[in-house]
Amino acid sequence: MREPVGQDEYGSANPFDPDDLTTLNVMGPGVASNDFEKYAVAVIIVFGALVIGGLMAATLALGHRNGFLYALGGATAAWISGNALLLDRPRIYALFVGIAAVMLIASTITLVI
């Protein structure tokens, strides 16, 4: 009877079982690679949230209601774009990132003027 870890005739565990090559190829080339994209996206999301939160706090502190609402709309559009990214919808992601950028620029303009 064969062991599930794929032992050879000497009883040592072999990580490369020839019977598992089909499932290994299904997993793809990125199984054991360094995937820095996930960390980059996490950094972008965290610092984006800090910038949007800071813009919302600044407009609240200075009493600019319209600027706060633009920042809130930008934060909501950024949140929706994050969900679109998770669902692998690049066009919807780009659309909502554009909407968030326009709303955050509008919030900044209302804060400055």
Side-chain angles (χ1 to χ4, degrees):
M1 183 169 164
R2 188 157 204 190
E3 293 294 325
V5 289
Q7 293 180 348
D8 59 6
E9 62 260 359
Y10 301 109
S12 63
N14 184 3
F16 303 108
D17 188 8
D19 296 334
D20 291 338
L21 286 179
T22 56
T23 59
L24 182 65
N25 290 333
V26 170
M27 288 189 275
V31 172
S33 66
N34 292 330
D35 192 7
F36 292 113
E37 285 183 16
K38 293 178 184 177
Y39 299 112
V41 169
V43 167
I44 290 169
I45 289 171
V46 167
F47 283 108
L50 288 173
V51 168
I52 293 170
L55 187 58
M56 291 171 78
T59 54
L60 273 179
L62 295 176
H64 295 279
R65 188 186 89 194
N66 291 337
F68 173 75
L69 292 176
Y70 281 133
L72 183 64
T76 304
W79 176 72
I80 292 171
S81 70
N83 289 321
L85 183 66
L86 288 175
L87 297 174
D88 198 27
R89 303 283 188 227
R91 290 183 182 167
I92 296 173
Y93 170 74
L95 173 73
F96 278 104
V97 165
I99 290 171
V102 168
M103 294 186 92
L104 294 172
I105 289 170
S107 176
T108 305
I109 289 172
T110 58
L111 184 64
V112 173
I113 294 179

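All residue numbers in this chain count up from 1 along the given sequence. Side-chain atoms are counted along with the backbone in the values below, which use heavy atoms only and exclude waters and symmetry mates. This structure is a prediction, so every number in the text was calculated from the model and none was measured.
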For [X], all residues meeting side chain to side chain contact (heavy atoms under 4.5 Å, CB included), sequence neighbours excluded:
| X | answer |
| --- | --- |
| Leu69 | Arg65 |
| Leu95 | Ile99 |
| Leu62 | His64, Leu111 |

Exercise. Nearest 0.5 Å, what's the CG-CG distance between Leu72 and Leu104?
Worked result: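 Spacing of CG (Leu72) from CG (Leu104) equals 10.5 Å.
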Exercise. Going from CG on Leu55 to CG on Leu50, what distance comes out if it is rounded to the nearest 0.5 angstrom?
Worked result: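 Answer for the CG-CG pair, Leu55 versus Leu50, is 12.5 Å.
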Exercise. Do Met103 and Ile80 belong together in a cluster built from hydrophobic side chains that touch within less than 4.5 Å?
Worked result: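 The answer is yes; both residues are in one hydrophobic cluster.
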Exercise. Shared ILVMFWY cluster between Ile52 and Phe96, side chains joined below 4.5 angstrom?
Worked result: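 Per the 4.5 Å side-chain linkage, Ile52 and Phe96 are not co-clustered.
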For this session: Let me see the working for Leu60 and Met56 under side-chain contact (heavy atoms from CB on, under 4.5 Å), right down to the final yes or no.
Result: CA-CA 6 Å; Leu60 273 179; Met56 291 171 78; 5.7 Å; no
Exercise. Between Ala100 and Gly74, which heavy-atom pair has the shortest distance, and what is it?
Worked result: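 Shortest heavy-atom contact: CB-O, 3.4 Å.
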Exercise. What are the two closest non-hydrogen atoms of Phe68 and Thr59, and how far apart are they?
Worked result: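 Scanning both residues, the minimum pair turns out to be CA-OG1, 3.3 Å.
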Exercise. For the side chain of Ser107 and the backbone of Gly67, is there at least one donor-acceptor N/O pair under 3.5 Å apart?
Worked result: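 The answer is yes, because a donor-acceptor pair under 3.5 Å joins these two groups.
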